[in-house]
Amino acid sequence: MRHFASLVAACIAIEACIAIEAPRRDLARAPHATALHNAARARGGAGAGLETQPADSRRVARGGVSSVIDLPRRFPILDWLPLLTRRDCVSDAVAGLTVAAMLIPQAMSYASIAGLSPIVGLYCYVPLVVYACMGTSRYIAVGPVAIVSTTMLGVVGGEPTEAARLALASCVMFWSGVLTTLLGALDLGGFIEALDHDVLSAFVTCCAVNIGCSQAGAALRVSAARSHVPAVGLWNAARAAPGFHGPTLAVSLATAAFLALCRRLPLDAVLPAAAPKNLVGSLGPFFAMVLGAFANARWDLAGAGLREVGRVPAGLPTVSNPLFHPKLPSKLKDVAVVTLVMLTETLSMGKALAARDGRSIDNSQEAVALGAANVLGAFFRTYTIAGSFSRSAVNVMTGATSQLSALVTAGSVVATLLFFTSSFERVPKAVLAAILITAVSGLVDSERLAALRRDGDVAGLCLWLSYFASMMALGAAEGLLLSVAIHYGARTVLGF
């Protein structure tokens, strides 16, 4: 009952944060918003709702308390759900099932990056449902992501037990969600656009290196001490690598080769013409996990020394109270960094996907939706979620027309937790490690470095390297804050 009361209090807090922005809305925009909304409906299609409108056109004041119950704005699902056609539902169902097939192995892998049990990654179904109801983008697929996971490792890695790490991760998730909701309510979601592109490029590259190093132990079956400082992790992995376990390395290399074949061979040619492009490549991680479990069961790879996922608890998680933790006061900086990373990845990617179709998203409502998803999700024993580049791209490729695809994905995850968790027990950890390393290899922004060299931008190249070096030496989160200071210092003092 105490946990339920905390959950209710969290819902009230979200609405209180949203209410802050109410008096600042301009009532004069109401006719313009109504006209755009009617035009969107006339064009038809489930996606012809919120994302087709300029972001400001949704900011229609209702005055005082009534804006808190402005349900169509706070819950865009009320706009697009009545517009769904049978064809839209079929497209969204296909997209949702495809994303679920990607999410299941990725979420389990990403949770292990954060130092948590793999099953924790699948407890993300509540945030998926919340974002589907409140998000303004038809394409964004939220859930566990690599960059947030490696950031979280630096936050909870010092905890002695898995339960202690999860308790702290859920607490950070809750308060980062509160901060994100507050930023959206104050109409500050657009501040992310002020961040320098090269700082973000160096940050993503650093996270990719750190994730790769963190998976060396599982991919090689060596004892490589993890560290949230990438340079230390890289050194530990390099020292441990010569003691690799042959069969484990063979499975890791075979998995990586299989994923590469799924992406590069013209396997889609054998599918019906109506099938989404790159479908086989998108489902590669799921196929790899199934084949790995089958091979382990058939030939007893564990008997040869391969480590497997092991017992996975079945069923849905119990409700917990994430509001308080003894170490929260010392983690406030980490709450701010996790919020920055979560918003940066989600809003930048959502803006890019919307621009492909000549649309826009409401940054502030996106922040509110993402914050609410994290606040409510924190009660269900998971950790911070954000928008996923790879799964959102699959949403686009498979023809998603609305966030109904996210609801299908959430339903698939729930069904997996209820009925199929035993299927993951024989999955070799080397397979999950190879899936992760393959996934993050594309995050290394070598193209930006090549562009700086090609353009002869010595100052820009030196700044990029300074950002990357600070993150490698201090940790991705600490280095990100220092890099922002370096960027604005160089621009102010040196005029870069």
Side-chain angles (χ1 to χ4, degrees), residues 106-124 143-176 202-219 222-237 240 309 322 325 327-328 330-342 344-345 374 378 381-386 388 429 432-433 435-437 439-441 443-444 470-481:
Q106 285 185 351
M108 295 177 69
S109 300
Y110 293 157
S112 66
I113 290 179
L116 305 171
S117 169
I119 196 64
V120 170
L122 297 185
Y123 293 160
C124 64
V145 295
I147 296 177
V148 171
S149 299
T150 190
T151 305
M152 191 61 69
L153 175 63
V155 179
V156 306
E159 296 299 302
T161 65
E162 201 170 82
R165 289 192 291 272
L166 178 56
L168 182 55
S170 295
C171 184
V172 170
M173 179 185 191
F174 176 85
W175 289 108
S176 65
F203 176 74
V204 171
T205 301
C206 176
C207 287
V209 173
N210 201 24
I211 291 170
C213 295
S214 72
Q215 295 304 300
V222 295
S223 298
R226 290 186 177 186
S227 173
H228 83 284
V229 178
V232 176
L234 181 60
W235 173 250
N236 292 340
V309 171
H325 191 280
K327 293 189 177 179
L328 178 61
S330 65
K331 298 294 182 179
L332 294 181
K333 176 209 68 175
D334 298 299
V335 169
V337 170
V338 169
T339 299
L340 178 63
V341 172
M342 171 177 58
T344 299
E345 179 162 4
N374 278 281
R381 301 181 183 274
T382 187
Y383 71 106
T384 307
I385 59 97
S388 165
K429 289 187 175 181
L432 295 180
I435 290 172
L436 266 179
I437 294 172
V440 302
S441 62
L443 296 178
V444 177
S470 65
M471 295 172 193
M472 290 291 292
L474 301 177
E478 294 83 354
L480 176 62
L481 299 178

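What you see is a predicted model, and the numbers here were worked out from it, not measured in a lab.
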Residues passing the side-chain contact (heavy atoms from CB on, under 4.5 Å) test with S112, sequence neighbours excluded, are Q215, L436
Please confirm whether the backbone N or O of A225 pairs with a side-chain atom of N236, one donor and one acceptor, at under 3.5 Å? yes
To the nearest 0.5 Å, what is the distance between OH (Y110) and CG (L432)? 11.5 Å
Can you tell me how far apart CD1 (I385) and OG (S176) are? Round to the nearest 0.5 Å. 9.0 Å
Extract all donor-acceptor atom pairs below 3.5 Å that involve side chains of residues 150-157 and protein atoms in other chains or at least two apart in sequence.
from	atom 1	to	atom 2	distance (Å)
T150	OG1	N210	ND2	3.0
T151	OG1	I147	O	2.8

Is S149 reaching over with its side chain to a backbone N or O of I113, donor-acceptor style, under 3.5 angstrom? no
Would you call L481 and V337 a side-chain contact if the rule is heavy atoms closer than 4.5 Å? yes
With E162 via salt bridge (Lys or Arg N to Asp or Glu O under 4.0 Å) - residues at least two apart: none
Can you tell me how far CG of N374 sits from SG of C124, rounded to the nearest 0.5 angstrom? 11.0 Å
Has the side chain of R165 got a donor or acceptor atom that lies under 3.5 Å from a matching backbone atom of L116? no
Minimum heavy-atom distance between I437 and A219, given as atom pair plus value: CD1-CB, 4.2 Å
Determine the minimum heavy-atom distance between S170 and P322, stating which atoms define it. O-CB, 3.7 Å
Output all residues satisfying side-chain hydrogen bond (donor to acceptor under 3.5 Å, both in side chains) with S227, sequence neighbours left out; order by chain, then residue number. none
Which value, rounded to the nearest 0.5 Å, describes the distance between E345 atom CD and C207 atom SG? 9.0 Å
Once you round to the nearest 0.5 Å, how far does SG of C171 lie from CE of M173? 12.0 Å
Could you pull out the closest heavy-atom pair between A224 and A240, with the gap in Å? CB-CB, 3.9 Å
Using side-chain heavy atoms (C-beta onward) and a distance below 4.5 Å, is M108 in contact with I119? no
Distance from L328 atom CG to S330 atom OG, nearest 0.5 Å? 8.0 Å
Quick one: does any side-chain atom of T161 pair with a main-chain N or O of A164 as donor and acceptor, under 3.5 Å? yes
Which residues pass the salt bridge (Lys or Arg N to Asp or Glu O under 4.0 Å) test with E478, sequence neighbours left out? K333
Heavy-atom side-chain proximity of L166 to Y383 below 4.5 angstrom: no
Trace of the side chain to side chain contact (heavy atoms under 4.5 Å, CB included) decision for L480 with L340: CA-CA 10 Å; L480 176 62; L340 178 63; 3.5 Å; yes
What salt bridge (charged side-chain N to carboxylate O under 4.0 Å, His left out) pairs are there with at least one residue in residues 146-160, not counting sequence neighbours? E159-K327
Atom of G121, atom of P144 and distance for their closest heavy-atom approach: O-CG, 3.5 Å
